[in-house]
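The block underneath contains the structure these notes are about, expressed in structure tokens.
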There are 2 protein chains.
Amino acid sequence: MIKIEKPAKTQRTVIQQRTRKAIMDKSARLFRDKGYGSTSLRDIASATGMKAGSLYYHFSSKEELAEEVLTQGLFHVAERVKEAVEALPSEASPLEKIRAAMVGHLTALLEKGDYTSANIRCYNHVPAPIKKRLKADRESYDAFWEDLIQSSVTGSFIRKDVDQVSLRYALIGMLNWTLEWPATKHGSPEELGAKFFDMVFSDTLA
Amino acid sequence: MIKIEKPAKTQRTVIQQRTRKAIMDKSARLFRDKGYGSTSLRDIASATGMKAGSLYYHFSSKEELAEEVLTQGLFHVAERVKEAVEALPSEASPLEKIRAAMVGHLTALLEKGDYTSANIRCYNHVPAPIKKRLKADRESYDAFWEDLIQSSVTGSFIRKDVDQVSLRYALIGMLNWTLEWPATKHGSPEELGAKFFDMVFSDTLA
DNA sequence: CCTACCGATCGGTAGG
DNA sequence: CCTACCGATCGGTAGG
């Protein structure tokens, strides 16, 4: 059987994907900096080098574009965290997994800062149907941390009287708040992750 | 000399102040929920029970209104924190001050949630001149924490090798992120503040 | 991917 | 504090 090549269409799809990514990159940065409501499709189009109407060749609405950008922000974090935890040796303790997850989370924030910042900053301001789906994504990411913490307590690595919900939110809060820092003060994800981990899980007191 | 009373004007000023506060209350909630760009003056007016044009009797622009709301959010936090620290006995250690400051910060977040949430959520999305002034306010609040932490290190309450910048951002981050929690899980500011304090400054490990 | 355009809505103002 | 309105801009569409 002869394989029929479709070079024209293939190439066109590649270009389309490239343009699509360019639109999303610019959108992520604009949503992060100006917010959902103050970012117009004309802002996005002109940043990408096209006219507003042309965006509809790639996305069917502003809402769809925003949802895709914000979703990718969270997915990227979840992916990096998963990788970081799975890269550990199989005998790693749940506490070592928490540490790796913290570093992975920070790595994602620094790597894909525009997307993750857009998610964190615009999550509450996006139309309700989108927010509902983003919330479900956040909850499944939350569940990952819940399990890590639960395992640490069950395995007697964390004291049983520590409130697990507060601990989870505290960790995620300190990690996410790094996006509000002056960017120069970050250091590497490994360094910063280690500092945060030690603050909570080692002696901070003199 | 005879004091000339101006009851009409006095009363009118009181009413004006009341209306002004009503507008700000509604604005705070709308900015928090929908963001700066997606909240229209018509939204604010109808929530307050008036017509859009009438807002200009109390505020000269959307930007001025937003700045006043967001500024009040941060000022309220700074005030509560200052109160909480000053309520301590004079022999209180810098570490006890940090603890009190954490509780005070959380108290403000729960008390004036709409204003503080609006500040935290809209800070990055507000027009540049406003953001610049809000930034200066944040920095002076930050300096307060910087001093508390510096004193704790100098007084040998916190280990000297703890990175003070990271610690400050970690504390503020975990405190501010409570605004993203499901409201039911908070507990009282005192309880939650104690939990956070113990996480960082007491043994978390089993 | 652009031109040209739609109705709706925006922040803001004039005059009362 | 309202009515009535302004020009500008919005998200989105038709037709090419």
Side-chain angles (χ1 to χ4, degrees), chain A residues 8-28 30-31 33-70 118 122 125-131, chain B residues 8-28 30-31 33-70 118 122 125-131:
Chain A
K9 198 191 171 195
T10 302
Q11 187 168 1
R12 208 185 158 210
T13 302
V14 169
I15 291 173
Q16 276 178 26
Q17 285 174 344
R18 229 172 255 165
T19 306
R20 210 180 143 86
K21 184 176 181 304
I23 293 168
M24 289 178 65
D25 284 351
K26 299 298 185 184
S27 299
L30 285 164
F31 286 145
D33 291 340
K34 308 182 54 170
Y36 177 77
S38 300
T39 299
S40 70
L41 293 176
R42 283 159 180 86
D43 289 337
I44 294 169
S46 87
T48 319
M50 56 173 71
K51 299 295 176 182
S54 307
L55 293 173
Y56 287 84
Y57 184 69
H58 299 276
F59 297 93
S60 67
S61 69
K62 184 184 179 183
E63 300 194 8
E64 186 197 286
L65 168 56
E67 178 164 359
E68 211 146 327
V69 168
L70 302 205
C122 298
H125 300 154
V126 113
I130 301 181
K131 181 171 174 176
Chain B
K9 196 189 173 195
T10 301
Q11 188 169 2
R12 210 185 158 211
T13 301
V14 169
I15 291 175
Q16 275 177 28
Q17 285 173 344
R18 229 171 255 166
T19 306
R20 210 180 144 85
K21 184 176 181 302
I23 294 168
M24 288 178 66
D25 285 350
K26 299 298 185 183
S27 300
L30 285 164
F31 286 145
D33 291 340
K34 308 181 53 169
Y36 177 76
S38 300
T39 299
S40 70
L41 293 176
R42 283 160 180 86
D43 289 337
I44 295 169
S46 89
T48 319
M50 55 173 69
K51 298 294 175 183
S54 307
L55 292 173
Y56 287 84
Y57 185 69
H58 299 277
F59 298 92
S60 66
S61 68
K62 183 184 180 182
E63 300 194 6
E64 186 197 286
L65 169 55
E67 178 163 1
E68 211 146 326
V69 168
L70 302 205
C122 299
H125 300 154
V126 114
I130 302 181
K131 181 171 175 175

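Please read all numbers here as calculations on a predicted model, not as lab measurements. Proteins come first, then strands; the chains are lettered A, B, ... in the order of their sequence lines, and each starts at number 1.
- A/F59 places its CZ atom 16 Å from the C1' atom of D/dG12, with the value rounded to the nearest Å.
- Just one of B/E64, B/M24, B/K26 meets the side chain to side chain contact (heavy atoms under 4.5 Å, CB included) condition when paired with B/V69; it is B/M24.
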What nitrogen or oxygen pairs link the protein and nucleotides 1-5 of chain C at under 3.5 Å?
residue: C/dC1; atom: OP2; partner: A/H58; partner atom: NE2; Å: 2.7
residue: C/dC2; atom: OP2; partner: A/K51; partner atom: N; Å: 2.9
residue: C/dC2; atom: OP2; partner: A/S54; partner atom: OG; Å: 2.5

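- Summarising the geometry, the separation between CG on A/L30 and P on D/dC10 is reported as 12 Å, rounded to the nearest angstrom.
- Residue B/T39 is classed as a sugar-phosphate contact, given heavy-atom separations below 4.0 Å to backbone atoms only.
- Taken to the nearest 0.5 Å, the CG atom of A/L41 stands 10.0 Å off from the CD1 atom of A/I23.
- Interatomic distance, CZ of B/R20 versus CZ of B/F59, reported as 4.0 Å (0.5 Å rounding).
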Under the 3.5 Å Watson-Crick or G-U criterion, the dot-bracket string of DNA chain C, with | for inter-strand pairs: ||||||||||||||||
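- A straight line from OH of B/Y56 to P of C/dG15 spans 18 Å, rounded to a whole angstrom.
- Residues that satisfy the side-chain hydrogen bond (donor to acceptor under 3.5 Å, both in side chains) test with B/E63, not counting sequence neighbours, are absent from this structure.
- A/I130 has its side chain out of reach of A/L70: every pair of non-hydrogen atoms, C-beta onward, lies at least 4.5 Å apart.
- Nearest nucleotide to the side chain of A/S40, out of C/dT13, D/dC10, D/dT13: D/dC10.
- The nearest whole Å value for the distance from the CD atom in A/E63 to the C1' atom in D/dC10 is 14 Å.
- Regarding A/L65, its CG atom lies at a distance of 11 Å from the P atom of D/dG11, rounded to whole Å.
- Partners of A/T19 according to the side-chain hydrogen bond (donor to acceptor under 3.5 Å, both in side chains) rule, which considers only residues two or more places apart in sequence or in another chain, do not exist here.
- One interatomic measurement links the two molecules: CD1 of A/I130 to C1' of D/dG11, which rounds to 13 Å at whole-angstrom precision.
- Here A/R42 pairs with nothing under the side-chain hydrogen bond (donor to acceptor under 3.5 Å, both in side chains) rule; sequence neighbours left out.
- By the side-chain hydrogen bond (donor to acceptor under 3.5 Å, both in side chains) test, A/K34 is found to be paired with A/D43, residues two or more places apart in sequence or in another chain being considered.
- Residues B/C122 and A/H125 meet the side-chain proximity criterion, which asks for heavy atoms closer than 4.5 Å.
- Here D/dT9 presents its P atom at 17 Å from CG of B/L41, a figure rounded to the nearest Å.
- If you take CG of A/D43 and P of D/dA8, they are 18 Å apart, rounded to a whole angstrom.
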